[in-house]
Undergrad: 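Right, I'll just put the structure down here and ask away after.
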Amino acid sequence: GADPMDERDIYQQLEALKAELDVSEGLSDEARETMLGLIDRVEEQLPVPGEAADNLSERFESIVTEFEVTHPTLTSIINNIMVTLGGMGV
């Protein structure tokens, strides 16, 4: 199972990401909705990592590529989340 420390950490990171999405200028509604949908899916899967979790990281990565230039803060938060998820085996 996941280390409780990691689980708390990932929830904090997801909250930080949501907060950042709220204040990000120039983020399209579509991009914001996509990210919030992904966050919801991650939160749903955290207690019981399922097989769909693998492509969650891939989806995050494809979004990160889009954000790297325009929203570096978002990108670094998303990268942290991906690292944490990877460490949890999600």
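All heavy atoms count here, side chains included; hydrogens, waters and symmetry mates do not.
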Undergrad: Starting from Y11, can I reach I78 by hopping between I/L/V/M/F/W/Y residues whose side chains sit under 4.5 Å apart?
TA: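 Same cluster.
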Undergrad: State whether the number of non-hydrogen atoms from other residues, nucleotides or ligands found under 6.0 Å of D22 atom CG is greater than 12.
TA: yes
Undergrad: Going by side-chain contact (heavy atoms from CB on, under 4.5 Å), name the residues that satisfy it together with T73, two or more places apart in sequence or in a different chain.
TA: E20, I77
Undergrad: Taking side chain to side chain donor-acceptor pair (under 3.5 Å) as the definition, give me every residue that meets it alongside Q13, ordered by chain and number, with sequence neighbours left out.
TA: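 Checked Q13 against side chain to side chain donor-acceptor pair (under 3.5 Å); matches are D9, T84.
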Undergrad: Could you give the distance from CE (M82) to CD1 (I10), rounded to the nearest 0.5 Å?
TA: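 One finds 10.5 Å between CE of M82 and CD1 of I10.
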Undergrad: Would you tabulate the side-chain donor-acceptor contacts of residues 32-39 under 3.5 Å, counting partners in other chains and residues two or more places apart, or write 'none'?
TA:
{"from": "R32", "atom 1": "NE", "to": "L21", "atom 2": "O", "distance (Å)": "2.9"}
{"from": "R32", "atom 1": "NH2", "to": "L21", "atom 2": "O", "distance (Å)": "3.1"}
{"from": "R32", "atom 1": "NH2", "to": "S24", "atom 2": "O", "distance (Å)": "3.0"}
{"from": "T34", "atom 1": "OG1", "to": "E30", "atom 2": "O", "distance (Å)": "2.7"}

Undergrad: Closest heavy-atom contact between E25 and H71?
TA: O-NE2, 2.9 Å
